[in-house]
Protein chains: 2
Amino acid sequence: MNLKQLATHLGLSQTTVSRALNGYPEVNRDTRERVQRAASEHGYSPNRRARSLATGRSMAIGHVIPLRTQHEMMNPVFADFIAGAGETYSRNGYDLILSVVGPRDEEAVYSELFSKGAVDGVIVHGPRAGDNRIEMLNRIGLPFVVHGRASDTPGPYSWLDINNRRAFDRATGYLIDLGHRRIALLNGLEDMDFAQRRRQGFLDAHQRRGIEPDTALMCSGEMTEMYGYEALRPLLASSERPTALLCSSMISAVGARRAIHEAGLELARDISLITHDDDLSYLRNGSNVPMFTATKSSVREAGRTCAEMILRSLSSPDLPLQTTMLEAEFVLGQSTGPAPASL
Amino acid sequence: MNLKQLATHLGLSQTTVSRALNGYPEVNRDTRERVQRAASEHGYSPNRRARSLATGRSMAIGHVIPLRTQHEMMNPVFADFIAGAGETYSRNGYDLILSVVGPRDEEAVYSELFSKGAVDGVIVHGPRAGDNRIEMLNRIGLPFVVHGRASDTPGPYSWLDINNRRAFDRATGYLIDLGHRRIALLNGLEDMDFAQRRRQGFLDAHQRRGIEPDTALMCSGEMTEMYGYEALRPLLASSERPTALLCSSMISAVGARRAIHEAGLELARDISLITHDDDLSYLRNGSNVPMFTATKSSVREAGRTCAEMILRSLSSPDLPLQTTMLEAEFVLGQSTGPAPASL
DNA sequence: TTGAAAGCGCTACCAC
DNA sequence: GTGGTAGCGCTTTCAA
């Protein structure tokens, strides 16, 4: 059933039917009701393609996910974030177009999506330090919001992020204050913006206390389980093994725990472990008791917010820059786990 | 730059330019080359909306993800599956439209996507036993492929699945043959098709060996970390605690391990743990050594395959039914972990 | 081998 | 308050 058919069926013009359905004020109340009833009876819903061709708006937002390798697991954060965003979109009649691309093709994908009229705006995922996508999007005039930030990128842009630096500053400081001096850091790939900030937090906490971190204990890599295992194993085998471990993701922590187990060590007794959990934006200690907890939001909620930001920037493009920062609040859990006996 | 502009720029008609770009044979070779050069020079790419309005094909596939609760984490399997599917789509010029919906609205979403002309076909995720979506999609004539299966659903349909029943049959049998008699099962929600099959495999292994499973040890729930923790805790506290545990997902296994740790028990020594890992379609034992490994594919690869299935069924709708089954092959790892001392 | 023109389904402008 | 009509950018007959 299309508009024309519905109109002839009702003995009205397409114009009137369209107006009635789109809430234009000048339509007679009776007419509007009659039209609406008929529309839902016949299950009529306007063709998106035709509508967007006529209006010039595509009513869709693009999410472009960069994946480096063929084997890389999609970051679970993306999934929940997108799920949250999707809720907002469907509530507002928008579609979500998902593109998963290698880092090379990314720019091309953005401009294609735009010039093809497929999307009205995009969300940028996984920003790297000095990311050139941002400048490029500003240049071609495609509205966007960044999930995360990109340091060293000139010019204003909208973004939504958690406070990665501070979270790792606090977690590290907590461990140092417990007496730890040899703390390992299993970080993400350090060309990613979030990983740079976490590293910075790690270093800041040391520096503020006048302690020299052992750079040999700082690792960086794709946050897979295998990485957690392989990065930690040699550190544990060394004569000067770390007494504490700061993990950048749940998944690499699983690998790290395997390495700890195989080395004959016991968590909490021999080595302390704090893992950053993106999903709930909190940090956990070795016995998995929440230690840092975000007050504001989960990743899903962040996705919702980010979607609202892009939709708002579509309706008022020259609105002042919206920057939202989700703070990982410091909340000591009931049990913070024992200080390691080996200290 | 649109077709009209490009055409006038070249001093040709829109028709000819369109034909040249779309590979119609009747175009003069020189003309075609000239057109193609100009197109890439000016970065022309046809407007998707307009094209699909004209052709009647939308060049997009919908993925509809059902999420039960506001809080449920998006199943990581979906993410990687979709990433894989996305690769296939972009290689073939298709868009991927993602809708995340509550179980109630699902049917409406499908028929809307279709009647709005937003998609040419859909992938059905997370099928439940006797899922009525399948019958509904057949009725409205929207091409689809199911990721998973739905038992008790009449009529043929295309699907792609792993062998859940057999995987759990084998894992359970393996534990029984090691001497375990009290095996706990932390299953997913048992209205989901995959969970029913896993449960069946668990029961089959017992029955074939003439052993009565303790139904008090069989749990079912949303596969979150909290669920793994809360479901296992009372079982461990009981006087007749399980000596082995079969976990339906990595994430609930994390919670289960926490419960084990808190109960003062040690993995492998006091209790054996086998976890099903969807991503690599393998099962792991307590020390994380792969025990069952899929020979054919990861979830990502499955996504690619599923996308190929739907695209193929678009071009030839009355093709014989394609059913593909990914087998979780039984491969004993180098180390299968010690039999529990408590036996 | 090329071009003119009719539509795809809808919105939006201008008349009435 | 309602209707005619001109597009939106493309594909696809039909003519030349």
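Quick note: numbers below take in every heavy atom, side chains included, and nothing from hydrogens, waters or symmetry partners. Just so we're on the same page: letters track the sequence lines, and every chain starts at 1.
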Does a side-chain N-to-carboxylate-O contact under 4.0 Å join A/R19 and A/E26?
yes
Rounded to whole Å, NZ of A/K4 lies from C1' of C/dC10 at a distance of 12 Å
Check the interface with nucleotides 13-16 of chain C: list each N/O to N/O pair with the protein under 3.5 Å, or write none.
none

Without decimals, in angstroms, what is the distance between A/L3 CG and D/dT5 C1'?
14 Å
Reading DNA chain C from 5' onward, which residue's closest nucleotide shows up sooner: B/R29 or A/A50?
B/R29
Give the rounded distance in Å between these two atoms: CZ of A/R48 and C1' of D/dC8.
17 Å
State which of D/dT11, D/dG9, C/dA12 makes the closest approach to the side chain of A/Y24.
C/dA12
Strictly by modelled atom types, are B/S52 and B/T55 linked by a side-chain donor-acceptor pair under 3.5 Å?
no
Is there a donor in the side chain of A/H9 and an acceptor in the side chain of A/Y44, or the other way round, less than 3.5 Å apart?
no
OP1 or OP2 of D/dC10 versus the side-chain N and O atoms of B/S18: is any pair under 4.0 Å?
no
For this output row, return yes or no: ring centroids of A/F81 and A/H125 closer than 6.0 angstrom.
yes
With the side chain of A/S13 defined as its heavy atoms from C-beta on, choose the nearest nucleotide among D/dG4, C/dT11, C/dC8.
D/dG4
B/R57 CZ to D/dG9 P: how many Å, rounded?
21 Å
Just report the end-to-end axis angle for the helix from C/dT1-D/dA16 to C/dC16-D/dG1, five pairs per end, to 10 degrees.
40°
Respond yes when some side-chain nitrogen or oxygen of B/T55 is under 4.0 Å from OP1 or OP2 of D/dT11, and no when none is.
no
Roughly, in whole Å, what's the span from CZ in B/R32 to P in C/dT1?
10 Å
B/N47 side-chain proximity, nearest of D/dG3, D/dG9, C/dT2
D/dG9
Interatomic distance, B/M59 CE vs D/dG9 C1' [rounded to whole Å]
16 Å
Does a nitrogen or oxygen in the side chain of A/T31 sit under 4.0 Å from OP1 or OP2 of D/dT2?
yes
Return the value, rounded to whole Å, for the distance between atom CD of A/E26 and atom C1' of C/dA12.
11 Å
Where do A/E41 and A/R37 land on the salt bridge (charged side-chain N to carboxylate O under 4.0 Å, His left out) test, with the steps shown first?
CA-CA 6 Å; A/E41 242 170 49; A/R37 201 168 329 111; 5.8 Å; no
A/H147-A/F194 aromatic ring centre distance below 6.0 Å
no
Does D/dG9 have its OP1 or OP2 closer than 4.0 Å to a side-chain nitrogen or oxygen of B/R51?
no
Can a salt bridge be assigned to the pair A/R128 and A/E106 using a cut-off of 4.0 Å between side-chain N and carboxylate O?
yes
Show, in sequence, the C-alpha distance, side-chain angles and deciding distance for B/E135 and B/R139, and conclude whether the salt bridge (charged side-chain N to carboxylate O under 4.0 Å, His left out) test is met.
CA-CA 6 Å; B/E135 189 222 328; B/R139 198 176 55 239; 3.4 Å; yes
Whole angstrom value for the distance that separates C1' of D/dT11 from CZ of A/R49
15 Å
Other residues, nucleotides, ligands: >12 heavy atoms within 6.0 Å of A/R91 CZ
yes
Regarding A/N47 and B/R49, do their side chains bring together a donor and an acceptor under 3.5 Å, going by distance alone?
no
Out of D/dT2, C/dT11, D/dT12, minimum distance to the side chain of A/A54 belongs to C/dT11
Under 4.0 angstrom between A/N22 side-chain N/O and C/dT11 OP1 or OP2:
yes
Sorted by position of nearest nucleotide on DNA chain D, 5' first, the leading residue of A/N28 and B/M1 is A/N28
